[in-house]
*Asks:* 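Next up is a structure, given as structure tokens.
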Amino acid sequence: MRFWRVIEPYIGFLLQGFALTIAACLLAIAGAVLLGALTASMRSSGNRLVRGAANAYGDVFRNVPFLVQLFFFFYGLPELGIYIGAFETGVIAMSIAGGAFVSDVILSGILTVDAGVIDAAKVSGLSRVKIFTRVVLPIALRVSVRPMGSVLINLVLTSSILSTITVNELTGAAKIVAATTFKPFEVYAVLLVLYASLTTLLSFAISAVHRRLNRFMTGG
Amino acid sequence: MIVAENVEKRFGDALVLKRVNLRVEPGEVVTILGASGSGKSTLIRCINGLEALTGGRITVDGHDVSTKAGLVAARRASATVFQLFNLYPHMTALGNITLAPIEVLKLPKAEAEARARALLDKVGLGAQADAYPQQLSGGQRQRVGICRALAMQPRYLLLDEVTSALDPEMTGDVLRILAELAADGTTMVFVTHEIEFARHISSRIVFLEQGELIVDLPTAAFFAEDGGLAVPRIRQFLSKMKKD
Amino acid sequence: MRYADFTPYDIVLLLQGLGVTLALFIGTTLIGLTIGLLLAVVHHYRVPGCRPVIVLVTEALKNSPVLVQLFLVFFGIPAFLHIRMTPVEAATLTISLNTAAFAFVVFRSGIESVDRDQIEAAEVFGLGRSQILRLVIAPQAAAFSVGPLVGILVNQLQVTSLISVIGVFDLTKIGNILNLRTLQPFIVWAVIGLIYYLAAKTLAHAGGRIEAALRRSVKWGGI
Ligand SMILES: Nc1ncnc2c1ncn2[C@@H]1O[C@H](COP(=O)(O)OP(=O)(O)OP(=O)(O)O)[C@@H](O)[C@H]1O
Ligand SMILES: [Mg+2]
């Protein structure tokens, strides 16, 4: 195949880009889950100010394009004297945007937890923190596997946007290869299929995890 | 000792408990009878602090459940078994039983598990330690619920219609366990519609009528013609129960 | 003063950018919804050989980054077919197809959710295929579909920001220009973000009203 011969010298470079994409997504999903869990607990708080702040965060970051958020951080952080690399900026932006969605996922997971089960935990003398971490959150996370998986898949798709701030993740690397080989159609077509296969595989994996974790849960 | 003094509970405009007075001494089995909606569950939920009182006072071994520290101590002293089991769905039977002993009583994991297995053996579920609630029948789940309560070594056991979600044969299994506990001297506050069983194991029976505790008698006196049965409302209630 | 401060003319620039964004959004929405609906109808009537192709293509569009789709259309297709394509053409084509893929899924499940019994009942009354589609399926499928469609469109409005990357002078591109000129990134991107936010909220609000109205009419005018 002619295309293969043209592309072969760049395989290593593309694989590096792929590794960067995976790294960005893993870091971002971790950050998003942390932020999302925190925001979800704030949104179920009794304090109106805390609740309002958490709701505003979710609302803003879900209704502004990620590209705009990314530019805000990429060009804005140095203004504050914070000099971090483009990759780190990208991961932070993805975590913050992802966290807005994850908080929704976790919150609706929390709402599905049976009130009677929480009563049982309360009367057994568990502290509020223990009830949240040992009973409410584990149950909420189990019912949240699927929606959380969609957030992860969206993060994979979103990570391609990091190429606009000079991060040579998979899309950024492909852009360079497309330009140097003069084969943009082939390169981008393959890239599209690669992303689609990756996210499809991910969604199969997510279904498997969901089934495994919810083997013995009601309605699972 | 559990002491309820002039307990009042409102939900919005509805007055669900009206100046209820009740004392439960260690070693007693007190059964609460009453029609549906008379406030039995609410009274139990006030004792274990799941509902806040709107009037009066409840103490468990002297600890006032309406104070933060008092509630912690009161909950140490009592344990509750629920009508719908309320097991933790993400944990095995063993996990359900050991969670609070490990986290609250700070027992070492191995000791908590050894105790839990002993309890499961006692209720005939030795082989089901690693089963999840979804894999158990209703009767088995409720027996796990009882083990979970007993694992906290409570001085008082609060039971709210623990058999009313079960088939008759499973009900038998659970009642047999409760009868054993009563014979061992476990103090119980027991809400049930199983009149015959209540008569068999209770030392005292109280009757709630629309939130008012209208009768509080030793079991024999409650079922005597010149005792509880002399109250028309109770006679009516008991005859209706027999028919069902 | 640094570089060059904001000028009153920047407002005009922002409005122009917003105009381009909205025009492209509305255009691609109309094209995308039409194609999505056509695909759903073709899918519903099991036109031979079409089902797998439709499903494969829409899944690929939904499961790959829009940015890559834009690059494929803007850089790839002209190189491959030796044709010219302007950024606006590439953007219109890409976003329309992308919207179509998401709309297809919504319309398909909208059609499926209309009770089969109703279709059978209509057949008993002697309604023809196209009549069933027009009188029975369409109004209810529309009512079922509006909610999810609004969600998709709010998302697609944000997706349009990506067309700035291939050189369309939309709102985000204006942001880039102002950012470079004024070197005031916080103000520039906050303002751009706010405009997108308001547009998204307006869209969601309008969608909510349409949905409520449709549900009411289906309930009362129900079959
Ligand atoms: N959370 C609540 N909010 C409002 N009203 C409540 C609440 N819980 C209970 N009630 C009301 O309080 C009254 C007593 O309810 P309770 O559950 O204590 O009755 P019960 O004697 O346990 O009845 P049953 O035999 O049916 O279990 C009922 O009228 C009920 O509707
Ligand atoms: Mg009750």
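Within every chain, numbering begins at 1; the chains are lettered A, B, ... in the order of the sequence lines, protein sequences first and strands thereafter.
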*Asks:* At a heavy-atom separation under 4.5 Å, does A:Lys175 approach chain C through its side chain, its backbone, both, or neither?
*Replies:*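 Only the side chain of A:Lys175 comes within 4.5 Å of chain C.
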*Asks:* For chain A, which of C:Ser164, C:Gly175, C:Gly193, C:Pro78 has the most heavy-atom pairs under 4.5 Å?
*Replies:* C:Gly193
*Asks:* Between the main-chain N or O of A:Ala93 and the side-chain N or O of A:Gln69, is there a donor-acceptor pair closer than 3.5 Å?
*Replies:* no
*Asks:* Select, from C:Asn176, C:Leu198, C:Asn155, C:Val154, the one with the greatest count of heavy-atom pairs under 4.5 Å involving chain A.
*Replies:*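 Most heavy-atom pairs under 4.5 Å with chain A: C:Asn176.
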*Asks:* Is there a side chain to side chain contact (heavy atoms under 4.5 Å, CB included) between C:Phe169 and C:Gln16 once you walk through the steps?
*Replies:* CA-CA 8 Å; C:Phe169 281 80; C:Gln16 270 179 8; over 6 Å; no
*Asks:* Dump the intermediate steps for side chain to side chain donor-acceptor pair (under 3.5 Å) on A:Ser159 and A:Glu169, then the final yes or no.
*Replies:* CA-CA 8 Å; A:Ser159 68; A:Glu169 42 64 76; 4.6 Å; no
*Asks:* Scan side-chain atoms only and decide if A:Asn63 and A:Asp59 contain a donor-acceptor pair under the 3.5 Å cut-off.
*Replies:* yes
*Asks:* Report which part of A:Thr164 has an atom under 4.5 Å of a heavy atom belonging to chain C: side chain, backbone, both, or neither.
*Replies:* side chain
*Asks:* Pick whichever of A:Val187, A:Leu80, A:Leu198 has the most heavy-atom pairs under 4.5 Å with chain C.
*Replies:* A:Leu80
*Asks:* Without hydrogens or angle criteria, can the side chains of C:Gln69 and C:Ser64 be said to hold a donor-acceptor pair below 3.5 Å?
*Replies:*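 The answer is yes; a qualifying pair exists.
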*Asks:* Do NZ/NE/NH1/NH2 and the carboxylate oxygens of A:Glu8 and A:Arg5 come within less than 4.0 Å?
*Replies:* no
*Asks:* Under 4.5 Å, counting heavy-atom pairs only, tell me which of C:Ile195, C:Val165, C:Leu61, C:Leu162 racks up the most with chain A.
*Replies:* C:Leu162
*Asks:* Tell me which of these, C:Tyr197, C:Phe186, C:Trp189, has more heavy-atom pairs under 4.5 Å with chain A than the rest.
*Replies:* C:Trp189
*Asks:* Checking heavy atoms, do the side chain of C:Thr172, its backbone, both or neither come under 4.5 Å from chain A?
*Replies:* side chain
